[in-house]
Protein chains: 2
Amino acid sequence: MPWLAPTPKNQVVNEICDRIWLAVVQRTLRPGTRLKEEDLAEIFGATRARVRQALALLEQDGLVTLSPNRGACIAEPGIEEAHDAFATRLHVEQRLVTRLCRKITAEQVVTLRAHVARERAAHQAGDSEAMIRLSGEFHMLIATLAEGELLHRILRTLTIRTSLITAMYQARSAQTCGPDEHARIVDAIAARDEVTAIAEMTHHMQHLEAELDLSDQNQPAAGLRSALLGRG
Amino acid sequence: MPWLAPTPKNQVVNEICDRIWLAVVQRTLRPGTRLKEEDLAEIFGATRARVRQALALLEQDGLVTLSPNRGACIAEPGIEEAHDAFATRLHVEQRLVTRLCRKITAEQVVTLRAHVARERAAHQAGDSEAMIRLSGEFHMLIATLAEGELLHRILRTLTIRTSLITAMYQARSAQTCGPDEHARIVDAIAARDEVTAIAEMTHHMQHLEAELDLSDQNQPAAGLRSALLGRG
DNA sequence: GTCGACAAAAACGTCGACAATATTGCCTGT
DNA sequence: ACAGGCAATATTGTCGACGTTTTTGTCGAC
């Protein structure tokens with residue numbers, strides 16, 4: 001998570017969280033992967049206590065599951081949870097866009113356009129890591145400008161979760177959404193056209209979800225029983 | 001928080017969280033109170049590590065603020081955040097009620113009615129602690145029955161935050177809402193009457209917020225400067 | 001030959017002590 | 001007498017080590 005909490009001391013913990021998050025969305029770390037504390041501690045050159053803090057934060061964000069005395073694994077949201085996450089996030093995004101349309105300033109429009117420009121640059125440069133980060137930050141920027149601290153936090157968690165789901169279920173090659181849809185959302189917001197802005201945002205989210213393969217067959221094995229028995 | 005996470009081992013941490021939460025909503029612990037780790041450790045007979053875990057969780061829920069090298073204080077949400085919390089919670093509650101209206105079963109109605117009956121019993125018995133707990137659990141029960149894990153978690157946080165705000169700003173004597181409004185909400189849900197259910201829930205939340213004194217004058221001092229200078 | 005139990009190893013959870021940092025009271029210089 | 005700096009204290013942050021639980025490999029009995 002590049003967003004939130006850049007406190008100077010906890011920076012190590014955030015670094016760990018960020019790396020794990022990035023590895024997940026880049027599909028380097030597959031869901032279900034076991035995360036041993038000592039290994040992580042050695043990898044990041046940190047102590048186990050720090051790793052433990054990071055894992056606790058990641059659990060709050062739903063990126064890892066933390067079983068008592070069993071350790072941490074990358075979370076494996078099922079299709080049910082996937083639909084739930086997208087539906088909830090869509091609802092929050094719609095609300096944020098509506099609010100932003102009503103209070104947007106010219107200066108904020110410049111900020112949004114600048115961000116989209118950065119996205120475009122990363123897209124053309126083929127910098128996949130920057131594209132991933134900027135794509136997420138775009139939505140967080142909307143939340144920031146919309147001025148709702150709570151909705152901001154909520155959207156942060158939902159964005160992380162949908163990122164995991166996208167990395168988990170996306171069928172085709174890692175086709176992260178281009179900046180065009182973001183640009184159209186910004187246009188609508190800049191024009192203070194609420195209904196168009198909502199429509200664009202809805203289309204954007206549905207497009208994101210539609211690219212996933214959320215059929216039952218590749219649901220992760222809940223306890224490997226159904227995985228090996230063909231889940232009759 | 002009586003709700004969530006009854007793991008056998010972390011029970012100590014939850015106990016600490018619960019006690020602190022209860023003390024806050026009962027106005028025994030005022031917002032802004034400094035929470036020294038060693039004191040809490042001795043009070044609860046736990047070690048400082050456990051207290052630290054509890055404080056970290058409470059910070060996630062927005063009940064305490066955690067400043068680096070400064071320790072923990074009971075959070076002091078301003079009137080802006082108060083309105084934000086109530087508005088967001090209202091929105092979530094409306095969504096949950098809508099969803100529940102569409103999928104409610106007879107058995108679930110029985111569960112809801114039984115809960116309201118317990119509220120009524122506690123109300124007549126004058127058990128204020130039980131009233132507080134059951135009032136919160138009523139809304140969480142709705143979220144549970146509505147079957148949205150994410151909305152459930154979101155509402156949990158929002159409920160905790162509004163509890164803090166209520167304890168902080170409520171003007172009259174601790175008049176926690178009687179079970180009557182809850183009963184009417186249940187009636188509407190049982191009848192699958194979405195619009196009435198939403199209306200009742202909205203009325204309930206507005207009633208809760210209306211009883212607070214959210215005028216600027218008793219906003220907590222942001223740095224005591226405005227507190228002592230009369231905040232010109 | 002297979003099943004059950006036991007023991008060893010590994011990983012997590014916990015604790016106490018040490019170091020870093022902020023606050024506070026005091027002292028000195030002007 | 002007051003201001004500024006300094007030292008003492010109190011509190012938090014961090015670390016390494018130990019106890020506990022889970023897992024796994026092995027042995028013995030039926």
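Below, chain A is the first sequence line, B the second, and so on; all start at residue 1.
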Can a salt bridge be assigned to the pair A:Arg133 and A:Asp18 using a cut-off of 4.0 Å between side-chain N and carboxylate O? yes
Counting only heavy atoms and a strict 4.0 angstrom limit, can you tell me which residues of residues 28-39 of chain B come near DNA chain D? B:Arg34, B:Leu35, B:Lys36, B:Glu37
Between B:Thr47 and C:dT14, is there a side-chain N or O to OP1/OP2 distance below 4.0 Å?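 False: B:Thr47 side-chain N/O out of range (4.0 Å or more) of C:dT14 OP1/OP2.
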Side-chain N or O of B:Arg70 closer than 4.0 Å to phosphate OP1/OP2 of D:dG13: no
Can you name the atoms? Protein N/O to nucleotides 5-9 of chain C N/O, anything below 3.5 Å, with the distance.
none

From NE2 (A:His152) to CD1 (A:Ile142), nearest 0.5 Å: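 The distance works out to 11.0 Å.
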Among D:dT22, D:dG13, C:dG13, which is the nearest nucleotide to the side chain of A:Arg52? C:dG13
Dot-bracket pairing map - DNA chain D, Watson-Crick plus G-U, both contacts under 3.5 Å, | cross-strand: ||||||||||||||||||||||||||||||
Show the numbers, then the answer: is there a side-chain contact (heavy atoms from CB on, under 4.5 Å) between A:Ile154 and B:Thr88? CA-CA 10 Å; A:Ile154 291 170; B:Thr88 307; 4.2 Å; yes
For the pair made of [atom1] in [X] and [atom2] in [N], what is the distance, rounded to whole Å?
{"X": "A:Glu42", "N": "D:dG16", "atom1": "CD", "atom2": "P", "answer": "14 Å"}
{"X": "B:Leu66", "N": "D:dT11", "atom1": "CG", "atom2": "C1'", "answer": "13 Å"}
{"X": "A:Asn69", "N": "C:dC12", "atom1": "CG", "atom2": "C1'", "answer": "6 Å"}
{"X": "B:Phe44", "N": "C:dT14", "atom1": "CZ", "atom2": "C1'", "answer": "19 Å"}
{"X": "A:Gln53", "N": "D:dC15", "atom1": "CD", "atom2": "C1'", "answer": "12 Å"}

Taking [X] for the side chain and [Y] for the main chain, is one N or O donor matched with an acceptor at less than 3.5 Å?
{"X": "B:Thr111", "Y": "B:Glu107", "result": "yes"}
{"X": "B:Gln26", "Y": "B:Ala23", "result": "no"}
{"X": "A:Ser135", "Y": "A:Ile132", "result": "no"}

Tell me, with the steps shown, if A:Thr166 and A:Val25 meet side-chain contact (heavy atoms from CB on, under 4.5 Å). CA-CA 8 Å; A:Thr166 300; A:Val25 298; over 6 Å; no
Please lay out, stage by stage, how A:Phe44 and A:Val12 fare under the test side-chain contact (heavy atoms from CB on, under 4.5 Å). CA-CA 9 Å; A:Phe44 293 111; A:Val12 185; over 6 Å; no
Quick one, B:Arg52 with B:Glu37, criterion side-chain contact (heavy atoms from CB on, under 4.5 Å). Give me CA distance, side-chain angles, the key distance, then yes/no. CA-CA 7 Å; B:Arg52 179 175 287 267; B:Glu37 294 182 352; 3.3 Å; yes
Per the side-chain hydrogen bond (donor to acceptor under 3.5 Å, both in side chains) rule, which among B:Arg95, B:His91, B:Arg89 passes with B:Glu93? B:Arg89
Reckon B:Arg48 touches a base, only the sugar-phosphate, or nothing at all at heavy-atom distances under 4.0 Å?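 Base contact.
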Kindly say whether the aromatic ring centers of A:His182 and A:His139 come within a distance under 6.0 Å.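 That pair passes the under 6.0 Å test.
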